[in-house]
Amino acid sequence: MTDLTELTAVQLVDGYRKGAFSPVEATRAALARAERIQPEVNAFVRLTGEEALDQAARAEERWRRGEPGGLLDGVPVTVKDILLTRGHPTLRGSRAVSPDGPWEEDAPSVARLREHGAVFVGKTTTPEYGWKGVTDSPLSGVTRNPHDPSRTAGGSSGGAAAAVALGAGPLALGTDGGGSVRIPASFCGIFGLKPTYGRVPLYPASAFGTLAHVGPMTRDAADAALMLDVIGAPDARDWSALGPAPGSYTEALSGGVRGLRVAYSPTLGGQVAVRPAVAGAVRRAVERLAELGAYVTETDPDFTDPVEAFHALWFSGAARVVQHLRAAQRELLDPGLREIVGAGARYSALQYLAAVDARMELGRRMGVFHQEYDLLVTPTLPITAFEAGVEVPKGAGYRRWTGWTPFTYPFNLTQQPAGTVPVGSDGDGLPVGLQIVAARHRDDLVLRAAHALYGAGVASAGA
């Protein structure tokens, strides 16, 4: 008998079309899985079982009539508790946010999913306001890794990654301001995509500004392409949103990698110390890209670590996030968040603008780089998942989460599309991710290369 929690969204839709199983069956399976995994990994802040089953029943009736309501009709999805979801509180991992309503509006990505018939099974965990690269908060506690619950799921979309990896819905909405889709996707062994900035509209606007992206977290690249076809539509509430996509991302998957010019940077020019098990898994995957017909060159993009510019923008954004809070409310905040809020409040306007200048120069360098190379591939992270409940690995010497994420945040500064593909594991069975980066607006190339790796058996879906 088919285990519906192991199927991708593409497979579920195909099964609905053929009458092999129904949206109600798939939703019941996803909810049962969510309830089973919750005590161990803590992926959810809220499950919406009765409402989800009602949505599934209506989808089932549409399929029975042969009139599906959209590309994802009846497919279970989860939403990170940063994004507004009509009828449910969005608490952003914070005790300082009141659950009192009314909660009457969907974020653009949530609205597009609803229009295409998706079934919302729950809201997933986040650190407070999504501020760090692991998922724990004063409100909801620690989210744990599906491969080893003593380890972190990563963050800030950690609940979303754990839910997808363990079968509690094949699709999840995450957000990524410095790696928050790619970090947990890499740690949990799933696919995650940070699209080109503006491809997925965002409302309300993030206090972290144009660092913040919304992206799909899925079992494979084909599901991400299908999801991006849905959530990548314009929305009038986001003035910075891009226009309609140039074509179907799903249809673009078949292009493969033959003839693509791929730059492989294992350490960003010696700037990053990468664990041997991570480096080995990534190198093997890159060799497979070459076997599939890509022209691979080991070379590095021409930039130094932009962490100081990122901190200026990120910490200032955090200060803005909590600016409206009273002193008593600030005492409720994650202590680490309070620290970066204090740092952010001390930046001058001139320091902030200097960080913007550094960001624009980095964008120029990457624009020139992509005139020569279609894709840049790197490890997603230099390490695998470490102990849960801490911001940085013990004894690592890092002060903040950015110390162990040097491959991710540069591409939030540049607004480029970047995805992570699971390409193996370390000696402890923890997933290793390969990051694929393309020029702005070439999300299709990231998805094509990732899809080729899945097709070649280099990547696999789920925990």
Determine, stepwise, if the pair Ser248 / Asp229 fulfils side chain to side chain donor-acceptor pair (under 3.5 Å).
-> CA-CA 6 Å; Ser248 166; Asp229 280 338; 3.2 Å; yes

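- Nearest approach of Val377 to Leu289, heavy atoms of both residues: CG1-CD1, 4.3 Å.
- A donor-acceptor pair under 3.5 Å links the side-chain atoms of Arg46 to the main chain of Pro89, judged by distance alone.
- Looking at Asn145, its side chain never comes within 3.5 Å of a backbone N or O of Ser150 through a donor-acceptor pair.
- With rounding to the nearest 0.5 angstrom, the NZ atom of Lys194 is 6.0 Å from the CG atom of Asp176.
- Of all heavy-atom pairs between Pro393 and Tyr398, the closest is CD-CD1, 4.2 Å.
- A distance of 11.5 Å separates CG in Asn42 from CD in Glu40, rounded to the nearest 0.5 Å.
- Of all heavy-atom pairs spanning Ser180 and Ser156, the tightest one is OG-OG, 2.9 Å.
- Defined by atom type and a distance below 3.5 Å, a donor-acceptor pair is present between the side-chain atoms of Asp300 and Ser265.
- The side chain to side chain donor-acceptor pair (under 3.5 Å) pairs that include a residue from residues 253-263 are Arg261-Asp374, where partners are two or more places apart or lie in different chains.
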Show the numbers, then the answer: is there a salt bridge (charged side-chain N to carboxylate O under 4.0 Å, His left out) between Glu287 and Arg284?
-> CA-CA 5 Å; Glu287 290 170 352; Arg284 288 189 292 274; over 6 Å; no

Can you list the steps and then say if Arg199 with Asp443 is a salt bridge (charged side-chain N to carboxylate O under 4.0 Å, His left out)?
-> CA-CA 9 Å; Arg199 172 46 54 213; Asp443 307 72; 5.1 Å; no

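- Of all heavy-atom pairs spanning Gly154 and Thr152, the tightest one is N-OG1, 2.9 Å.
- A donor and an acceptor atom, one from each side chain of Thr210 and Arg359, are located under 3.5 Å apart.
- Counting heavy-atom neighbours within 6.0 Å of Tyr295 OH, excluding the residue itself, gives a total of 12 or less.
- Ser94 and Glu128 share a side-chain donor-acceptor pair at under 3.5 Å.
- A salt bridge is defined here as a Lys NZ or Arg NE, NH1 or NH2 lying under 4.0 Å from an Asp or Glu carboxylate O, and Asp444 with Arg442 meets this definition.
- Other residues, nucleotides and ligands contribute only 12 or fewer heavy atoms inside 6.0 Å of the CZ atom of Arg320.
- Using a 4.0 Å cut-off between charged side-chain N and carboxylate O, Glu361 and Arg364 make a salt bridge.
- Taking CG from Leu202 and OG1 from Thr175, the interatomic distance works out to 8.0 Å, rounded to the nearest 0.5 Å.
- Glu105 has its side chain within reach of Tyr203: a pair of non-hydrogen atoms, C-beta onward, lies under 4.5 Å apart.
- Ring centroid separation for the pair Trp404 and Phe386 comes in under the 6.0 Å cut-off.
- Taking every heavy atom of both residues into account, Pro149 and Ala388 meet most closely at O-CB, 4.5 Å.
- Residues Thr143 and Thr125 have side chains that bring a donor and an acceptor to within less than 3.5 angstrom of each other.
- Across all non-hydrogen atoms, the minimal contact from Pro382 to Ala273 is CB-O, 3.4 Å.
- Applying the side chain to side chain donor-acceptor pair (under 3.5 Å) rule to pairs touching residues 376-393 yields Thr378-Gln435, Thr380-Thr420, Thr384-Asp426, Glu391-Arg400, sequence neighbours excluded.
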